[in-house]
There are 2 protein chains.
Amino acid sequence: MSKLPSLKNLSYLLALHQEQNFNRAAAECNVSQSTLSSGIQNLEEQLDCQLIERDHKSFLFTALGEEVVEKARDIISASEELLHYAQGQGNIMEGPLRLGIIPTIAPFVIGELSKNLQDKFPKLLLQLSEDTTQNLLHRLRNGELDILLLALPMDIQGNQKWILGRDPFKLVLHKDLAETVGEPVDYDKLPDRSIFLLEKEHCMTGHAVAACQLTDSIKMNPFTATSLHSLVQMADARLGATFVPQMAIDQGILENTALVSLKPTGQEASRDIGLVYRPTTSRRQTFRKVAEEIARLLPVNTLN
Amino acid sequence: MSKLPSLKNLSYLLALHQEQNFNRAAAECNVSQSTLSSGIQNLEEQLDCQLIERDHKSFLFTALGEEVVEKARDIISASEELLHYAQGQGNIMEGPLRLGIIPTIAPFVIGELSKNLQDKFPKLLLQLSEDTTQNLLHRLRNGELDILLLALPMDIQGNQKWILGRDPFKLVLHKDLAETVGEPVDYDKLPDRSIFLLEKEHCMTGHAVAACQLTDSIKMNPFTATSLHSLVQMADARLGATFVPQMAIDQGILENTALVSLKPTGQEASRDIGLVYRPTTSRRQTFRKVAEEIARLLPVNTLN
DNA sequence: ATTTTTAATTGGTATTTTCGATTATCATAA
DNA sequence: TTATGATAATCGAAAATACCAATTAAAAAT
């Protein structure tokens, strides 16, 4: 049996893949450029294959090299987890936990969540990161993040998920406008172009449109906001109506406004909230406990 | 950041766990006893925890040590897979594939399967192992086997599975006896204690009894056989009736006998055939192709 | 033409790994 | 009680390796 590749060399490869430059990668690993260079050559010899194509000035990862990087990432992160686990004496609720959250969820859960986790698991070091779904998924894959709190349905690529709960959408509008619309909501009574939404980078836009059966509706205004708080301000200025998730309302986003929230048409106008993680993780138990904490904060908890 | 544990030391730990003896473990790893001993100590220092309790003569793995072994196994096998993958230039259908099969499936698929795999993937080295479900699951966990072909439903512990297809049970009896029973089968017309089954180590016994709704029936004979071929011989000797899976009949197990097969009572008298693998594997693609080959050999193919 | 940037190479040093021999401890047999 | 055998830890020397600084080689930028 040939010798296993060393974790050190694999980590050199990962750094090189990330930096795409020997010097920077070497600095990243706190070794000299020559060390990293020969480490990579060493690895190629051991694996008996070409990982990068060199052209005397620059280089390129081969297809096989890219795949080796993928697998190496899993191995390195599993090793890091083992190290951390053992050093924590088997206490799974200890050490850093890097959680990524999309912007239409983050502001309405992180306050309560970090307080509750701090109380229950004081040694857990929660590191939050707010970004779009696509960026978060990329960073999860990279090993830069451990778990993601996303709105579903969504293509989560090769990852696994737990559905934590449901978050209903509410139609939010000025109370004067609400009177002319009445309940149940009849979108036809709204003026054309009077529904404002977030930029399409935010998955909530798609979810709200789908959930409320408004695809291609003339009612929608082409101007898009970058945050829920902007949307609320616009609605409060009588510019029109918008959709706001229940969790934002529960957190008081409508306080000090003249806005009211109505139940939209369609019996299931809601998004699912899910926790997403790599299938190769060895920290399911840790994640599960965090999942339970998050689920308790949601408008509708469906975690079984 | 503290240094990652070396794969070498982790493999020493695994060997020690398997052999429960420093000398044998060292021999297993092709190193001296002192090397292995200090490797373990080294690992304990790096992980900053006690993995084994020593009492100057013998030793015992601590609870934490056992858990570290579990995680280390995943890391080592992922590394082996990476090595193998890269050395095979990314060809996933190459090198050894260790497949475990239960005795009530093995004889009826391995002939065709190994022939087909040999034809399609000549570089794939299929290594078969026949054992009971429980032993196979243990060996899968150990990293001793890569995938298992089992009959389901079954507790497959933390593993993952694909359902490949269905295998109906048939009631098999001597043609003279069959005349007195008639169709549809009425078990009441069979003499008491005239149904013979396999030893209870074989999961097929439970599956057949459940599928045909015969729990605690007075019709069953307490004598149990160790193989399907024995059962068939007994039925042919007019000792009674028995259940035989369709795949065995398709393979001609009833040839040169005076036996007939009848459809048992109960609309779903069948077992599922599933392929089971570790959730941490990185060879899903390889396994999937094997799964497809196996599914094609089953009486009812349900692999989607 | 010169300088800068990049990765590979070289040669020497420091570190780590490994082994064989030895020691210490215990269980068991004589 | 004293040998004997088995075990795991320890020690010191030897071998393997990992690492760095300096250099080279090639290309790109100035």
Side-chain angles (χ1 to χ4, degrees), chain A residues 1-62 65-66 68-69 72 76 79 83, chain B residues 1-62 65-66 68-69 72 76 79 83:
Chain A
M1 188 183 89
S2 27
K3 232 187 81 181
L4 288 177
S6 83
L7 291 182
K8 203 180 299 189
N9 285 349
L10 290 181
S11 70
Y12 291 166
L13 188 74
L14 293 193
L16 184 62
H17 186 256
Q18 188 169 349
E19 301 292 338
Q20 292 289 325
N21 173 300
F22 276 72
N23 281 295
R24 286 199 301 276
E28 174 81 15
C29 299
N30 301 307
V31 295
S32 73
Q33 172 263 318
S34 68
T35 298
L36 190 128
S37 174
S38 55
I40 300 291
Q41 288 176 55
N42 211 314
L43 192 60
E44 287 185 307
E45 250 175 67
Q46 275 178 16
L47 299 185
D48 190 27
C49 66
Q50 199 179 357
L51 299 175
I52 58 182
E53 280 178 66
R54 301 146 164 90
D55 78 332
H56 272 139
K57 168 67 183 170
S58 188
F59 63 89
L60 236 164
F61 273 75
T62 63
E66 293 280 352
V68 169
V69 165
I76 296 285
S79 304
L83 178 68
Chain B
M1 187 181 87
S2 26
K3 231 188 83 181
L4 289 177
S6 83
L7 291 182
K8 206 181 297 189
N9 285 348
L10 290 181
S11 72
Y12 292 167
L13 188 74
L14 292 193
L16 184 62
H17 186 256
Q18 187 168 348
E19 301 291 339
Q20 292 290 323
N21 173 300
F22 275 72
N23 282 294
R24 285 200 301 276
E28 175 81 15
C29 299
N30 300 308
V31 296
S32 73
Q33 172 263 317
S34 67
T35 298
L36 190 128
S37 174
S38 57
I40 301 290
Q41 289 176 55
N42 212 313
L43 192 59
E44 287 185 307
E45 250 175 69
Q46 276 178 16
L47 299 185
D48 189 28
C49 66
Q50 200 179 357
L51 298 175
I52 57 182
E53 280 177 64
R54 300 144 163 94
D55 78 333
H56 276 136
K57 167 68 183 169
S58 189
F59 63 89
L60 236 165
F61 273 76
T62 64
E66 294 280 353
V68 170
V69 165
I76 296 287
S79 305
L83 178 68

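Because the structure is a prediction, the values reported are computed rather than measured. The chains referred to below are lettered A, B, ... by the order of the sequence lines, with proteins before strands, and numbering in each begins at 1. Just so it is clear, the values below take in all heavy atoms, side chains as well, and ignore hydrogens, waters and symmetry mates.
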Rounded interatomic separation in angstrom, taking CD from B:E19 and C1' from D:dA8: 16 Å
For B:R54 and C:dC26, give me the distance from atom CZ to atom P, rounded to whole Å. 15 Å
For the atom pair CG (A:L4) and CG (A:N9), what is the distance rounded to the nearest 0.5 Å? 12.5 Å
Distance in angstrom units between A:L43 CG and C:dA8 P, rounded: 13 Å
In this structure, how many angstroms lie between the C1' atom of D:dT7 and the CG atom of B:L36, rounded? 13 Å
Does B:Q33 have a side-chain nitrogen or oxygen under 4.0 Å from the phosphate oxygens OP1 or OP2 of D:dA6? no
Rounded to the nearest 0.5 Å, what separates atom CD in B:E44 from atom OG1 in B:T62? 8.0 Å
Is any side-chain heavy atom of A:F61 closer than 4.5 Å to one of A:L16? yes
Measure the distance from CG on B:L51 to P on D:dA8 and round it to the nearest whole Å. 16 Å
Whether each nucleotide of nucleotides 11-17 of chain C has a protein heavy atom under 4.0 Å at its base (B), only at its sugar-phosphate (S) or at neither (-) is summarised, 5' to 3', as ------S
Let me confirm one number: the CD-CD1 distance from B:Q20 to B:I52, rounded to the nearest 0.5 Å. 9.0 Å
Value for CG (B:N21) from CZ (B:F59), rounded to nearest 0.5 Å, stands at 6.5 Å
Rounded to the nearest Å, what distance is computed from the CZ atom of residue B:F22 to the P atom of nucleotide C:dC19? 15 Å
Let me confirm one number: the CG-CD distance from A:L36 to A:Q41, rounded to the nearest 0.5 Å. 10.5 Å
Determine whether a donor-acceptor pair (one donor, one acceptor, N or O, separation below 3.5 Å) exists between the side chain of B:S34 and the base of D:dA8. no
Considering only heavy atoms from C-beta outward, does the side chain of B:L13 approach that of B:H17 to under 4.5 Å? no
Taking only the side-chain nitrogens and oxygens of A:N23, find out if one of them lies under 4.0 Å from OP1 or OP2 of C:dT5. no
Atom CD of A:Q41 and atom C1' of D:dA18: how far apart are they, to the nearest Å? 14 Å
May I ask you to evaluate whether B:S37 reaches the phosphate of D:dA9, defined as a side-chain N or O under 4.0 Å from OP1 or OP2? yes
Just how far, in rounded Å, is C1' of C:dA8 from CZ of A:F59? 13 Å
